[in-house]
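The next block holds one structure in the form of structure tokens; read it before the comments.
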Amino acid sequence: MTTLLQARGLVKTYAMGGDAVQALRGVSLDIAEGEFVAIMGSSGSGKSTLMNILGCLDTPSSGSYQLAGEAVQSMGADALAAIRNRYIGFVFQQFNLLPRASALDNVALPLVYAGVPAAQRRARAAEALQRVGLGERMQHTPAELSGGQQQRVAIARALVNQPQLILADEPTGALDSQTSTEVMQLLADLNTQGITVLLVTHEADVAAWARRKIVFKDGQIVQDSGAALTPALSRGEREEGKGTRMNGLAALRSAWGALASNALRSALTMLGIVIGVAAVITMVAVGRGATDRVQAQMQGLGSNIMLVLPGGATAAGVRQGAQTRSRLTEEDATAIQLEVPEVQIAAPSSRTTAQVVANNANWSTTLFGTTNDYLEAREWPLASGRLFEDAEVQGSAKVALIGQTVAQELFGDADPIDQIVRVRTVPVKVIGVLGRKGQNAQGQDQDDILVLPISTYRNRLQGGSPGNVKRVWAINVKVREGQSMPLAEEHIRELLRQRFKVEASADDTFTIRNLSEILEAQEQSSRTMTLLLAAVAGISLLIGGIGIMNIMLVSVTERTREIGLRMAVGARGRDVLGQFLIEAVTLSLLGGAVGVLLGALATWAVGQWAGWQVSMTALSVLLAVGFSAAVGVFFGFYPARRASKLQPIQALRTA
């Protein structure tokens, strides 16, 4: 006979409080292949401790142990997992079945960690169940099976990996006498087929099934009915190529099955991620939409635009308004355009509000007196009609251009071209309709406007200028493309200070507003607000991640016994780590996917409510989902690592 197990001087010491308790005191033992051995003794005698060491669920404090010729007492956790998977099948008193898995899946569990393909796993598990008489109950869960049937499932699980050794720890302790007899008969039949059976029991009638009895007391063997074996150790024959490498698909299925078995809790756990991702996507989309809207509104004023206004910010050390000194004239506009090389257009303009009447309709609108250059500077095309002719500008012609709002209010759907509009007491003919501009950054309707030649505005509405000084409200400056806006502003300031004879130490008597700077400031404000909103949404993602970690920690605690079982049948620490990480990342990714859908819906709803175009970019979706996955890995790693570091025997003892 070939020795399968050889133990020499096994000692196991536990620390309990401040005391050291010896569970085993120098135990030496040989068990040959094909034996049926019963280990007996009272509670606390050390028989279960020996069983755990022989089953590679625990390690001795000292001594040596060889299984099938391999010294296992000094092996690491992964190597011990491989030994358990290749050589040993466990039958526990409490069955230790996965409660929500079918009998077939329970039996196939050791094959998962042996790296056996799914089809082969199911076939071998079905064969093992047939072997123990449960061929008709394969798809039943443990709750749908009797105690005896559950123990038969456990025996089938012990057999499925074709072990050389079956370790049965009180296998009949939870069974009635008739079922106990059936289970023991099954173990005896397996022994006659050449499988070594090591049975731990304190019942004499159960031990009677064995051909060899070993009695323990106070951590020592006090009686052994079998002769000591002396043959040389042999590895024996085992199936080549068997390993303990769990494939990725099996890990995914196992993790997803665990999540599906607690669907409500999984859904509630995902809620934080769902809200976080939806918030990130919505906030970024709304912020981007707001930025685009600001850009569109500012671009409605034209590109590379500066506005020169009369009046300085201060005068004689006192803060002043824009109308401190109304000294801008058409001649100033001409000088700026001619003498500042960076300037392309300098268009003078004046403005007021007035009631306009056409037929039976009247409307209060903004009147602008300017030139065609003003429209070019603001990049404001015509929707219909024509611009002012030079003769009309020079001759104070009674012609006008109207905005879309004025056209709608005065003429409805009728064509306003060549229609007469009375501006105060002056009748003017509509020669063109401006293209639509929409609201500006201050929310004002830019299409609510009537434009007159500046000479018409000055001479016919304002009654001319005293002393023939052609004063204007503002000068609209357009800088040439590619030219420096700050340099153009500096040159304009120098020119006007010379024209106004402002002393070097005195403050400006005019104000220059760089609309590009205003645009940049508003864009920066929008970006800052977007980042702020995204940060708030990111906090909700972090809270969701903390929720995942909390639930995963709870899951580890609840499933400690399951973790111990998986390790007992061959799961390595990295397999357990991988499964719990997959569960955490799956929760995050599913939450992220649902969050993307909700974010898209919320983005659309906000756009409809706010009345502007919002844009959800692929980058924001990828960032949100990627961040949610990272949250899953980050917050799932600690619980997963904690699960992977559990000792099999400690996990199995958890109530």
Side-chain angles (χ1 to χ4, degrees), residues 4-31 35-67 70-77 79-81 83-84 87-94 96 158 163 165-174 196-204 206-207 210 212-226 560-561 563-565 567-569 646-655:
L4 180 63
L5 306 178
Q6 184 187 70
R8 294 290 182 266
L10 294 181
V11 174
K12 183 64 179 179
T13 303
Y14 294 103
M16 300 187 66
D19 300 325
V21 177
Q22 276 196 327
L24 294 181
R25 301 170 183 268
V27 173
S28 296
L29 178 66
D30 291 326
I31 296 177
E35 281 200 271
F36 192 159
V37 181
I39 299 178
M40 302 184 66
S42 60
S43 296
S45 63
K47 61 183 187 298
S48 293
T49 300
L50 177 65
M51 170 77 81
N52 294 331
I53 291 175
L54 297 181
C56 299
L57 295 172
D58 203 355
T59 55
S61 301
S62 63
S64 65
Y65 169 44
Q66 291 186 334
L67 172 62
E70 298 190 39
V72 299
Q73 75 276 356
S74 59
M75 287 184 176
L80 290 175
I83 290 291
R84 291 193 296 268
Y87 292 111
I88 305 172
F90 292 94
V91 180
F92 303 100
Q93 177 181 358
Q94 298 300 326
N96 284 341
L165 172 66
I166 288 182
L167 297 179
D169 187 5
E170 300 284 1
T172 63
T196 304
V197 178
L198 186 58
L199 170 72
V200 169
T201 184
H202 63 274
E203 299 179 18
V206 173
R212 179 183 175 188
K213 300 179 183 63
I214 298 174
V215 180
F216 263 73
K217 183 177 181 180
D218 297 331
Q220 295 177 313
I221 296 176
V222 297
Q223 181 181 341
D224 187 348
S225 65
T560 300
R561 197 175 185 89
I563 294 168
L565 169 63
M567 290 181 167
V569 299
L646 290 173
Q647 296 297 321
I649 187 59
Q650 295 174 355
L652 285 169
R653 286 173 176 167
T654 303

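Side chains of Asp224 and Arg212 form a contact here, defined as non-hydrogen atoms less than 4.5 Å apart. Inter-residue side-chain proximity for Met51 and Leu199 is flagged as unmet; no heavy-atom pair is nearer than 4.5 Å. Looking at heavy atoms from C-beta onward, Val72 lies in side-chain contact with Tyr65 at the 4.5 angstrom threshold. In this structure the side chain of Arg84 reaches within 4.5 angstrom of the side chain of Met567, judged on heavy atoms. Asp169 has its side chain within reach of Val200: a pair of non-hydrogen atoms, C-beta onward, lies under 4.5 Å apart. No side-chain heavy atom of Ser45 sits under 4.5 Å from any side-chain heavy atom of His202. Within the 4.5 Å cutoff, side-chain heavy atoms of Phe216 are placed close to those of Ile221. Put simply, the side chain of Ile53 reaches to within 4.5 Å of the side chain of Leu24, judged on heavy atoms.
For Thr201 against Glu203, the heavy-atom pair with the smallest separation is OG1-N, 3.0 Å. Closest heavy-atom contact between Pro163 and Ala158: CG-O, 3.0 Å. Scanning both residues, Ser64 and Leu10, for their nearest heavy atoms gives O-CD2, 3.3 Å. Of all non-hydrogen atoms in Met75 and Ile83, the two that sit nearest each other are SD-CG1, 3.8 Å. In terms of heavy-atom proximity, Lys47 sits nearest to Ser42 at NZ-O, 3.3 Å. Among all heavy-atom pairs drawn from Asp30 and Ala7, the shortest one is OD1-N, 4.3 Å.
Looking at Lys213, its side chain never comes within 3.5 Å of a backbone N or O of Val37 through a donor-acceptor pair. Side-chain atoms of Thr560 never come within 3.5 Å of backbone atoms of Ala651 as a donor-acceptor pair (strictly under, hydrogens ignored). In this structure, the side chain of Thr49 does not engage the main chain of Ala23 through any donor-acceptor pair within 3.5 Å.
For Lys217, the NZ atom sits in a loose shell: 12 or fewer heavy atoms of surrounding residues, nucleotides or ligands are nearer than 6.0 Å.
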- Let me see the working for Val11 and Gln22 under side-chain contact (heavy atoms from CB on, under 4.5 Å), right down to the final yes or no. CA-CA 7 Å; Val11 174; Gln22 276 196 327; 3.6 Å; yes

- For side-chain contact (heavy atoms from CB on, under 4.5 Å), just list the numbers for Leu67 and Leu4, CA-CA rounded to whole Å, side-chain angles, deciding distance to a tenth of an Å, and then say yes or no. CA-CA 6 Å; Leu67 172 62; Leu4 180 63; 4.2 Å; yes

- Please walk me through it: do Leu165 and Leu54 pass side-chain contact (heavy atoms from CB on, under 4.5 Å)? CA-CA 10 Å; Leu165 172 66; Leu54 297 181; 5.7 Å; no

- Item | Working for side-chain contact (heavy atoms from CB on, under 4.5 Å), residues Thr59 and Leu80 | CA-CA 10 Å; Thr59 55; Leu80 290 175; 4.0 Å; yes

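Taking CD1 of Ile31 as the reference point, atom CD of Gln6 lies at 11.5 Å (rounded to 0.5 Å). Put simply, CG on Leu57 and CG on Leu652 are 6.0 Å apart, with the number rounded to the nearest 0.5 Å. For the atom pair CD1 of Ile563 and CZ of Arg561, the computed distance is 12.5 Å after rounding to the nearest 0.5 Å. Within the model, atoms CD1 of Ile166 and CZ of Phe36 stand 9.5 Å from one another, a figure rounded to the nearest 0.5 Å. Remark: Leu198 CG to Glu35 CD distance equals 9.5 Å, nearest 0.5 Å. Annotation: the span from Leu50 atom CG to Leu5 atom CG amounts to 9.0 Å, rounded to 0.5 Å.
With sequence neighbours excluded, the residues satisfying ring pair (Phe, Tyr, Trp, His ring centres under 6.0 Å) with Phe90 are Phe92.
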